[in-house]
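Below: the structure, in structure tokens.
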Amino acid sequence: MLNKIETAFTKDFGLEYPIICAPMFLVSNTKMVIATSEAGGLGTFPALNFRPIENYRKAIRDIRAQTKKPIGVNIIVQSSNKFANEHLDIAIEEGVDLIITSLGSPREVIKKTRGTKTRVYSDVVGLEHAKKVADMGGDGLIAVGSGAGGHAGDISLFALIPYLKKHIDLPIIAAGSIVNGATLLAALSLGAAGVHMGTRFIASQEALVNEAYKKAIVDAGPEQIVNTDRVDGFPGNFILTPLLEKLGVHSGVVETVLNQNSKFKRYLSLYRAGRALFGSPESKASYKNIFSAGHGVGLIDEVLSISQIVEQTVREYHELKARLP
Ligand SMILES: Cc1cc2nc3c(=O)[nH]c(=O)nc-3n(C[C@H](O)[C@H](O)[C@H](O)COP(=O)(O)O)c2cc1C
């Protein structure tokens, strides 16, 4: 057994390692959550991955039956998610340890979880939102930097983590391109209390995505990651595959001009978000055939089991820390 890595975050949840297997739409599954939590980290999944809603409650119960360790769910708190309230009520009823909110205000989630065992950490990409979360009484921040898989922020984690830490007294979890011991060590050195790893866990045996996705992650370097809003209307990082190339990663002239009209822009965003979230696999671009990943892809060379990923990351962290000049 490797030595523990103790931070404010691990102490809060009783974890061995400050590693979250980040929630990933259409990727996270119960096996990934169980394997991460059993390996000493904290497994999470987006509530929206399980529909209809009874399957979401069942997923939590299935996980609970196989691990007693802390687990988390992600709730999209944007108004377009009409299931958010139900997702929240079920998470509280089932005693989920951590709720990660994204894409909106966590106010309701924080209010309803007060006095329960459930803690709330919220995705932020800058100081303004982070301050609001702190004022609302949130328990922690997930700082999403540039280079993250999914909807990345614009600020490098090298600047974002110490900047948030300077202004806000909450545990900060670093999200973006953290894939191994070196990047974990860097994140903790910057002041993070933990890491939120997504892309690394897609290339795992437990992820049930198609093999082409895993292979694309193993083969790609950071040069192949493009940031585009063409997939779901929000800027996100994707591997430049031939399909994405065909779809085009930049807005055309007509679209750029129409985008200046706020109504059209909103319509287009909603249309793309709907297509990505609920579109059929045949629709041109959805998370099923376009692969989202972060800049850390260049450091991922093989598909491993989740326990191997956690162990390798922690081992490398300890070795590098001992060797620092
Ligand atoms: C395929 C994919 C789907 C994602 N879906 C979600 C999601 O549903 N909710 C969310 O809060 N974050 C989502 N994210 C972001 C991750 O939770 C995490 O912050 C990010 O992957 C960290 O960056 P990394 O991939 O470079 O490790 C997604 C990321 C990826 C790669």
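Indexing begins at 1, ligand by ligand and atom by atom, following the structure's order.
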Inset, instruction - Would you please indicate yes or no on a ring centroid separation below 6.0 angstrom for Tyr121 and Phe9? - result: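 Yes - the distance between ring centres of Phe9 and Tyr121 falls below the 6.0 Å cut-off.
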Numbered atoms of ligand 1 (with element) below 4.0 Å of [X], judged on heavy atoms:
X: His196; result: 17 (O), 18 (C), 19 (O), 22 (C), 27 (O)
X: Gly294; result: 26 (O)
X: Phe25; result: 3 (C), 4 (C), 5 (N), 6 (C), 7 (C), 8 (O)

Legend entry - Sub-4.0 Å heavy-atom contact, Pro23 with ligand 1: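 Contact present.
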Inset, instruction - Check whether any heavy atom of Asp123 sits under 4.0 Å from an atom of ligand 1. - result: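 The answer is yes, since Asp123 has a heavy atom less than 4.0 Å from ligand 1.
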Legend entry - Geometric class of the Tyr163/His167 ring pair [parallel <30°, tilted 30-60°, perpendicular >60°]: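 The arrangement is perpendicular - the two ring planes meet at more than 60°.
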Hey, looking at [atom], which of [options] has the closest heavy atom?
atom: atom 15 (C) of ligand 1; options: Gly198, Cys21, Gly149; value: Gly149
atom: atom 29 (C) of ligand 1; options: Gly147, Gly150, Ser102, Gly236; value: Gly150
atom: atom 1 (C) of ligand 1; options: Phe291, Tyr213, Phe45, Phe201; value: Tyr213

Hey, are [X] and [Y] close enough for a salt bridge, meaning a charged N less than 4.0 Å from a carboxylate O?
X: Lys131; Y: Asp135; result: no
X: Lys117; Y: Asp97; result: yes
X: Glu54; Y: Arg57; result: no
X: Glu311; Y: Arg315; result: yes

Inset, instruction - Examine the proximity of ligand 1 to Thr199 and report which part, side chain or backbone, both or neither, has a heavy atom under 4.0 Å away. - result: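 It is both parts that get close, each with some atom under 4.0 Å.
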Inset, instruction - Could you see which bit of Val179 sits under 4.0 Å from ligand 1, with heavy atoms only: side chain, backbone, both or neither? - result: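 None of Val179 does.
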Inset, instruction - Using ring-ring contact (aromatic ring centres under 6.0 Å, His included) as the criterion, point out the one residue from Phe50, Phe201, Phe25 that pairs with Phe45. - result: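 Exactly one option meets the ring-ring contact (aromatic ring centres under 6.0 Å, His included) with Phe45, and it is Phe50.
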Inset, instruction - Check whether any side-chain heavy atom of Leu103 lies under 4.5 Å from a side-chain heavy atom of Asp123, and answer yes or no. - result: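 Side chain of Leu103 against side chain of Asp123, heavy atoms only: no contact under 4.5 Å found.
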[X], any N or O under 3.5 Å of ligand 1 N or O:
X: Val27; value: no
X: Ser292; value: no
X: His295; value: no

